[in-house]
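These notes concern the structure reproduced below.
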Amino acid sequence: MRPIIAVLLSASLLGALSAPAAAKEKLTGEAKLSKMLEGRVAGEPQDCISLPAASSSEVIDKTAIVYRIGSTLWVNRPRSGAESLDDDDILVTKLNSTRLCSIDTIELHDRNSHMYTGFVSLGEFVPYRLADKDKPAG
């Protein structure tokens, strides 16, 4: 009986020690955004971007919405409602023109149920472009 208990204890101890190493750590919104912007330099904030020119958008949990136009990433940190941002939500944007601006709001809907989950009031759009590696520092 004792050898069985020893084997079970050893197996459970090994499982407990290896579980944290096996589990993939989920990055916070800020950490995910920082990783996405590595090697990029921020430009002057803009009030509007051309939405039809955007090839994709990505929601960063509780942090920002990132729009890709060409090789530039346009980061929008909402003025209000950022805590509602969930990377599993769908963005519902209603515009009166082809430009998305800092005065616009975006509704958030759950990807599975399509139920309304909140909204954000956009802030300025900050362009992040790839750093010019050939340019001397200074």
Side-chain angles (χ1 to χ4, degrees):
M1 181 77 149
R2 285 185 187 215
I4 293 173
I5 292 173
V7 169
L8 289 174
L9 284 174
S10 297
S12 65
L13 181 59
L14 285 174
L17 291 175
S18 63
K24 186 174 179 179
E25 184 179 322
K26 184 173 180 176
L27 296 175
T28 65
E30 288 295 339
K32 185 175 180 180
L33 183 60
S34 291
K35 187 174 181 176
M36 182 183 286
L37 298 176
E38 281 179 4
R40 294 179 176 272
V41 178
E44 283 293 315
Q46 305 291 319
D47 285 326
C48 301
I49 62 170
S50 171
L51 195 54
S55 60
S56 67
S57 63
E58 184 173 346
V59 175
I60 309 297
D61 280 343
K62 301 180 182 354
T63 306
I65 303 169
V66 180
Y67 296 89
R68 179 179 291 276
I69 300 177
S71 62
T72 302
L73 298 180
W74 291 84
V75 177
N76 189 289
R77 291 179 178 267
R79 288 179 285 122
S80 66
E83 66 280 353
S84 298
L85 288 172
D86 182 335
D87 64 5
D88 201 37
D89 279 345
I90 296 171
L91 304 176
V92 178
T93 308
K94 298 175 185 171
L95 301 175
N96 294 321
S97 74
T98 60
R99 294 166 48 93
L100 184 60
C101 296
S102 59
I103 61 169
D104 291 321
T105 59
I106 295 179
E107 288 185 5
L108 307 170
H109 291 257
D110 181 77
R111 184 173 305 283
N112 296 316
S113 69
H114 300 281
M115 296 292 291
Y116 174 85
T117 59
F119 77 97
V120 294
S121 296
L122 296 177
E124 290 183 311
F125 295 86
V126 179
Y128 284 84
R129 295 180 175 88
L130 292 170
D132 188 358
K133 295 178 182 175
D134 298 328
K135 192 175 180 181

task: Could you state whether Phe119 and Ile106 fall into the same hydrophobic cluster, counting links through intermediate Ile, Leu, Val, Met, Phe, Trp or Tyr residues with side-chain heavy atoms under 4.5 angstrom apart?
output: no
Write down the atom of [X], the atom of [Y], and the distance for their closest heavy-atom approach.
X: Val126; Y: Gly43; value: CG1-O, 3.9 Å
X: Tyr128; Y: Arg40; value: O-NH1, 3.1 Å
X: Asn76; Y: Glu124; value: ND2-O, 3.5 Å
X: Pro127; Y: Thr72; value: CB-CG2, 3.9 Å
X: Ile69; Y: Ser50; value: CD1-O, 3.8 Å
X: Val41; Y: Ala131; value: CG2-CB, 3.8 Å

Would you say that [X] contacts [Y] through its side chain, given a criterion of any heavy-atom pair below 4.5 Å between the two side chains?
X: Tyr67; Y: Leu51; value: yes
X: Asp87; Y: Glu58; value: no
X: Leu33; Y: Arg77; value: yes
X: Ile90; Y: Arg111; value: yes
X: Thr63; Y: Lys32; value: no
X: Asp88; Y: Asn112; value: yes
X: Thr117; Y: Asp86; value: no
X: Leu122; Y: Ile65; value: yes

- request: Please check if the side chain of Arg99 supplies one atom and the backbone of Cys48 the other of a donor-acceptor pair under 3.5 Å.
  value: no
query: Short question: side chain of Arg79, backbone of Ser102 - any donor-acceptor pair under 3.5 Å?
result: yes
Nearest-0.5 Å distance that lies between atom [atom1] in [X] and atom [atom2] in [Y]:
X: Lys94; Y: Asp104; atom1: NZ; atom2: CG; answer: 12.5 Å
X: Ile49; Y: Phe125; atom1: CD1; atom2: CZ; answer: 4.5 Å
X: Leu37; Y: Leu130; atom1: CG; atom2: CG; answer: 10.5 Å

- prompt: Given Val75 and Met36, is the side-chain contact (heavy atoms from CB on, under 4.5 Å) satisfied, shown in steps?
  reply: CA-CA 11 Å; Val75 177; Met36 182 183 286; over 6 Å; no
Other residues, nucleotides, ligands: >12 heavy atoms within 6.0 Å of Leu95 CG: yes
task: Run through Leu108, Val120, Leu91 and flag the one making a side chain to side chain contact (heavy atoms under 4.5 Å, CB included) with Val59.
output: Leu91
